[in-house]
Amino acid sequence: MQEFLKTLENTFNTIKINDEVSAKFEAAGFLKRYPKDTIIMEKIRESDMKLVSGICNTREKIAMALNTDVAGITQKIMDATNNPVPVTDYESLKDSFDVSKSADLTELPILTYYQRDGGPYITSGVVIAKDPETGVRNASIHRMLILGKDRLTARIVPRHLYTYHKRAEELDEPLELAIAIGMHPATLLATTTSVPINVDELEVANNFHQGKMKLIKCENVDLEVPECEILLEGRMLPHERAEEGPFVDLTDTYDVVRMEPVIELDKMHYRNDSIYHAIMPAGFEHKLLQGLPQEPRIFNAVQNTVPTVKNVALTEGGCCWLHAAISIQKQTQGDGKNVMMAALSAHPSLKHCIVVDEDIDIFDAEDIEYAVATRVKGDEDILIVPGARGSSLDPCAKPDSTTTKIGVDATKPLDKLDKFERVSFSD
Ligand code: MN
């Protein structure tokens, strides 16, 4: 991560805070104040370790991590998930870390973000585990509440890690795992992609890294992890649950308390100069990491109906989850409506979507509003779909999780193109 951080500092604004900052609320206050900057905190009162946040809190930073530009991110994610690259390079644990000891989470600058939070949370931790039945590796990011110096509980949605744990539980066995904190944003992004259960997210990450990724073999568990700042080893216990939450989710609102699996740690590894990575809940780093990997699903579904789709963005204002802006090269009247229907069902959480022509920059909220202002006729261009399945995160959703979806066709009518043409200096 630190190599990337150096590159980042050359291009983007980095704020260094030298004064002592408390891990409880105070640090989060700074992160809230500078939502799009990279922040390094040199002195955290409760820990000897430095802290960084905002290494991938803008599309520009993520584009840099993926060696592309902002408009190219979705294609890059599609390419990596379709072409995972096996990892063959390994680095020894001894060469990767200076300190190896019994796990003690009180040494790390783990933040408590908001007043009603259930406690201090690790928010950038990637859990690596192997399927007890097939041996396929999984890497996924989970929020983890600290229960003690070597105990955590993690929010596990019913996907791959959940299935692995259930399979281990059926055998009355713990699920061995490793938790990696502080990695290159491309690796982090790979762990949030929705690949099938038989695909290893670390091989997706290796595609992002052009096949040059190295893994570190753990000491006590039979697992390999990406290069990281801090490595924790342990297991997810069978038949044991703890209260997880409350904690803030994507929509800047509190998620409910649930009973979630308990993790017990034994080993901890780090370097003398390791930096702890904190992701602000509901901050742009959280939103982009969770939302960007959903853009390819929408793109693919739209492309099936309108092959001239140009790009898709789950916009930051829509929490990178509830709103999509989609640009197309319109060829037939009605393309806009077909795009909306495909998009609203491709990503079930999508609530509102706006379709624009390719002269609109979907990464610019003002440009999107310009299209709505000048190209939308309310009685003709808006599609309302009540009673559709929506997002559990949508505060407007009914208890049965249905909501009303809206599509807005902000494309120019093909029979009056000259009336809608934007002035330009280039011709
Ligand atoms: Mn997986």
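This structure is a prediction, so every number in the text was calculated from the model and none was measured.
Residue pairs meeting the side chain to side chain donor-acceptor pair (under 3.5 Å) criterion with at least one partner in residues 281-293, sequence neighbours excluded, are H277-E285, H286-Q290. Sorted by first then second residue, the salt bridge (charged side-chain N to carboxylate O under 4.0 Å, His left out) pairs that include residues 225-235, not counting sequence neighbours, are E229-R271, R235-E264, R235-D266. The salt bridge (charged side-chain N to carboxylate O under 4.0 Å, His left out) analysis of residues 196-206, with sequence neighbours excluded, yields the pairs R137-D200. Among pairs with a residue in residues 311-324, those fulfilling salt bridge (charged side-chain N to carboxylate O under 4.0 Å, His left out) read R59-E316, at least two apart in sequence or across chains. A side chain to side chain donor-acceptor pair (under 3.5 Å) check over residues 81-97, counting only residues at least two apart or in different chains, returns the pairs D79-N83, E91-S96, S92-D95.
At distances below 3.5 Å, at least one donor-acceptor pair connects side-chain atoms of K61 with backbone N or O atoms of K36. Formation of a donor-acceptor pair under 3.5 Å by the T305 side chain with backbone atoms of V339 is not found in this model.
Using a 4.0 Å cut-off between charged side-chain N and carboxylate O, R143 and D249 make a salt bridge. For the pair K130 and E224, the salt-bridge criterion is met [side-chain N within less than 4.0 Å of a carboxylate O].
For the side chain to side chain donor-acceptor pair (under 3.5 Å) test, no residue two or more places apart in sequence or in another chain qualifies with D381. The side chain to side chain donor-acceptor pair (under 3.5 Å) search around T106 returns D104, not counting sequence neighbours. With sequence neighbours excluded, no residue satisfies side chain to side chain donor-acceptor pair (under 3.5 Å) with K310. Remark: D150 engages no residue in a side chain to side chain donor-acceptor pair (under 3.5 Å) (not counting sequence neighbours).
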Give the table of side-chain donor-acceptor pairs shorter than 3.5 Å for residues 64-77, with sequence neighbours excluded, one pair per line with atom names and distance.
residue	atom	partner	partner atom	Å
D69	OD1	G72	N	3.0
T74	OG1	E295	OE1	3.2
K76	NZ	L66	O	3.4

For residues 175-192, run the donor-acceptor check on the side chains, cut-off 3.5 Å, and write out each pair with its distance to 0.1 Å, sequence neighbours left out.
residue	atom	partner	partner atom	Å
E176	OE1	D222	N	3.1
H184	ND1	A186	N	3.0
T187	OG1	H209	NE2	2.8
T191	OG1	L188	O	2.6
T192	OG1	L189	O	2.9
T192	OG1	L289	O	2.8

Sequence neighbours excluded and cut-off under 3.5 Å, please list the side-chain donor-acceptor pairs for residues 341-353, or say none.
residue	atom	partner	partner atom	Å
S345	OG	M341	O	3.0
S345	OG	A342	O	3.3
H347	NE2	W321	O	3.0
S349	OG	W321	NE1	3.3
K351	NZ	D394	OD1	3.1
H352	ND1	H323	NE2	2.8

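Judged by distance alone, the side chains of E9 and T38 never bring a donor and an acceptor atom under 3.5 Å apart.
Remark: R33 qualifies as a cation-pi partner of F30 under the 6.0 Å distance and 45° angle criteria applied to the six-membered ring.
With a 6.0 Å radius and a threshold of 12 heavy atoms from other residues, nucleotides or ligands, K337 has its NZ atom above the threshold.
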